[in-house]
Amino acid sequence: MTQTQSAPPATWSPGPQAGTTVQPPAGQTTSRRGAIGQWFDGTPGRMRAFLILGAVMSVVFGLAAAQGFRQADGALDRAQANTAQLVRIQAIHTNLVSANADATNSFLVGGLEPPEQRQNFVDSLAAASGLIAEAAAAQPADRAALGELNKTLVTYNGLIEQARANNRQGLPIGSQYLKNANAVLQNDSLPLVKALVEANEQRVDTEFDAIGYGTIWVLVGGLLALIVLVVTLRWLARRTHRYVNVPIAAAALLVLLTTIVGGVALSSASSHAKDTRSSEYERTLALSRARIAAYDARSNESLTLIARGSGDAFDKAYNASAAEVDTQLDKSSGTTDDLQKAWGQYKRVHGKVRDADTKGDWDGAVTKAVGGPTAGADNSVEAFKAFDVSSAEQLKSTSDAVSSELTKARDGLPPIGWLGVPIGIAAALLVAWGMSQRLEEYR
């Protein structure tokens, strides 16, 4: 009897657990890596590598060129805007010390002050308030300090009005109100203005320095791209025994020309800005500082007389301010002889005022200081007015020149800021075209 053999029992094998990565067969992984490796193997593979590297560097150069020109153009624009803001802040400073000079000088008259001086005081404070609003709109970073400055001016104006009211009645307390107003201006208002001036001077200096950075972007980007393209051309010449690959050579020439034109244009703009900084801009700063110090000196001249024998501190302050005017006028090399003569005339009249006061002729000193029919032409008011008019005209001329020169520097820049990326793409396409011609020979 034949026995039937039964089949061996089936064994169960667990499948892959959830979350377990199924590894492909070793041969399949090798084939994929091999395909990628083969794409870069041999001469065709190296050609593809040079194609990618050359195209990428061409685009990078285009981006660098665009960034360089935008950097320079933006820095010139911001330098112009920050210079305007700096001039605006200094004009606020000038209007404040001008108003204080009018208030202190008219106080010497007693009773009703001269209408012209009163109007100058009102106009100066109004101009300062208007410039504060304008400056706050132009530079958000200055708004907080300008808001605080505006509050101090309200306090200052209130004290001046109390001084005027008491002075009209012949009350001695009026002089104390005037001194308190001057203290508010010197201790509260002007430190804020000086801080704003310093902040904007730093902004201007930063932007003037940043103008030259654009040249670095273009030159470094161009140099790197040219190195890659020249190495590519040399390698192709050795491998293919052809001296020049025309499309790639055209790409290198395009990069070279853009680098030269861009570098020269940016260097010229940077040099122009640097010349403006060392001439018109520095002259503008010097004239602004001279005017501010001159008004401060004028205020201290009046305060010395108001103190009637106890104004040594104000007299010392006058001397310090007058010395600052001399220093700043020496720095502003482009000032005319009329301005120097006007300031010299004012100092001579001031000497006569001090000489009369020192000899005990207080009334004669006041007459020289406040002017009027009995003072004649040789008085402090007329002498200072000549300096004020001449310095204001020159300040406007130099500040306008700064804006004009920076505009010229911007207008002289070629439109590579907009064309940089298209130029880089065009060079990349030329590289791809030139290399594809050689790759066709291996198919």
Side-chain angles (χ1 to χ4, degrees), residues 67-94 96 131-132 134-146 148-149 190-220 263 265-293 324-325 327-335 391 394-413 417:
Q67 174 61 25
F69 272 82
R70 288 172 186 169
Q71 166 82 29
D73 183 73
L76 284 167
D77 183 43
R78 290 188 296 273
Q80 188 173 0
N82 288 328
T83 300
Q85 179 75 346
L86 177 58
V87 171
R88 207 175 284 122
I89 298 296
Q90 287 179 320
I92 294 172
H93 197 164
T94 303
L96 293 181
L131 286 168
I132 287 173
E134 188 178 335
Q139 177 54 270
D142 293 340
R143 285 177 185 170
L146 289 167
E148 290 298 318
L149 175 61
L190 296 187
L192 287 169
V193 177
K194 290 174 182 177
L196 287 166
V197 167
E198 289 177 3
N200 282 280
E201 283 183 354
Q202 289 177 0
R203 292 186 192 118
V204 172
D205 290 341
T206 298
E207 298 306 336
F208 270 119
D209 291 337
I211 294 169
Y213 298 159
T215 309
I216 298 174
W217 278 97
V218 173
L219 294 181
V220 171
L266 288 174
S267 296
S268 176
S270 179
S271 177
H272 197 139
K274 190 177 294 184
D275 291 341
T276 302
R277 181 183 190 177
S278 61
S279 55
E280 286 86 355
Y281 173 70
E282 288 297 333
R283 197 173 301 134
T284 298
L285 292 184
L287 284 170
S288 293
R289 292 165 182 164
R291 281 173 55 80
I292 290 166
E324 177 67 9
V325 177
T327 299
Q328 295 302 328
L329 289 181
D330 289 340
K331 288 182 179 179
S332 56
S333 57
T335 55
S391 61
Q394 292 198 39
L395 178 60
K396 185 178 186 309
S397 176
T398 56
S399 60
D400 288 347
V402 172
S403 179
S404 175
E405 291 303 316
L406 291 177
T407 299
K408 286 180 183 178
R410 287 188 69 195
D411 292 343
L413 293 175

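- Scanning all heavy atoms of the two residues, the minimum distance from Lys331 to Ala286 falls at CB-CB, 4.1 Å.
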query = Hey, mind stepping through Gln328 and Leu287 against side chain to side chain contact (heavy atoms under 4.5 Å, CB included) and telling me if it holds?
reply = CA-CA 7 Å; Gln328 295 302 328; Leu287 284 170; over 6 Å; no
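- Considering every non-hydrogen atom in both Lys396 and Ser399, the closest pair reads O-OG, 3.1 Å.
- Residues meeting the salt bridge (Lys or Arg N to Asp or Glu O under 4.0 Å) test with Arg70, sequence neighbours left out: none.
- With sequence neighbours left out, the side chain to side chain donor-acceptor pair (under 3.5 Å) criterion links Thr284 to Thr398.
- Here Ile211 contributes atom CD1 and Arg410 contributes atom CZ; the two are 10.5 Å apart, rounded to the nearest 0.5 Å.
- Atoms CD1 and CD1, on Ile92 and Ile292 in that order, are 10.5 Å from each other to the nearest 0.5 Å.
- No donor-acceptor pair closer than 3.5 Å links the side chain of Ser403 to the backbone N or O of Asp400.
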key: Audit row: Leu413, Leu76, side chain to side chain contact (heavy atoms under 4.5 Å, CB included) steps and yes/no   = CA-CA 11 Å; Leu413 293 175; Leu76 284 167; 4.2 Å; yes
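- The pair Asp142-Arg203 counts as a salt bridge, with a side-chain nitrogen and a carboxylate oxygen less than 4.0 angstrom apart.
- Nearest approach of Thr215 to Gly263, heavy atoms of both residues: CG2-O, 4.3 Å.
- Here the side chain of Asn200 pairs a donor or acceptor atom with the backbone of Leu196 at under 3.5 angstrom.
- Remark: the Arg291 side chain and the Thr94 side chain contain no N/O donor-acceptor pair separated by less than 3.5 Å.
- How far CD of Glu207 is from CG of Leu406: 11.0 Å, rounded to the nearest 0.5 Å.
- The backbone N or O of Phe69 lies less than 3.5 Å from no partner atom in the side chain of Asp73, so there is not a single donor-acceptor pair.
- Of the charged side-chain nitrogens involved, none lies within less than 4.0 Å of a carboxylate oxygen, so that Glu280 and Arg283 do not count as a salt-bridged pair.
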task = Verify side chain to side chain contact (heavy atoms under 4.5 Å, CB included) between Thr276 and Gln80, making sure each step is shown before the conclusion.
result = CA-CA 11 Å; Thr276 302; Gln80 188 173 0; over 6 Å; no
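- For the atom pair OH of Tyr213 and CD of Gln67, the computed distance is 13.5 Å after rounding to the nearest 0.5 Å.
- Residues Asp209 and Arg277 are in side-chain contact: their nearest non-hydrogen atoms beyond the backbone lie under 4.5 Å apart.
- The shortest distance between side-chain heavy atoms of Leu96 and Leu149 falls below 4.5 Å.
- Two residues are said to be in side-chain contact when any heavy atoms from C-beta on lie closer than 4.5 Å; Ser404 and Lys408 meet this criterion.
- No side-chain heavy atom of Gln85 sits less than 4.5 Å from a side-chain heavy atom of Val204.
- Within the model, atoms CZ of Phe208 and CG of Asn82 stand 9.5 Å from one another, a figure rounded to the nearest 0.5 Å.
- Inter-residue side-chain proximity for Ser288 and Val87 is flagged as unmet; no heavy-atom pair is nearer than 4.5 Å.
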request  = Could you give me the CA-CA distance, side-chain angles and deciding distance for Leu285 and Gln90, then say whether side chain to side chain contact (heavy atoms under 4.5 Å, CB included) is met?
outcome  = CA-CA 9 Å; Leu285 292 184; Gln90 287 179 320; 3.8 Å; yes
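- A donor-acceptor contact shorter than 3.5 Å links the side chain of Arg143 to the backbone of Ala136.
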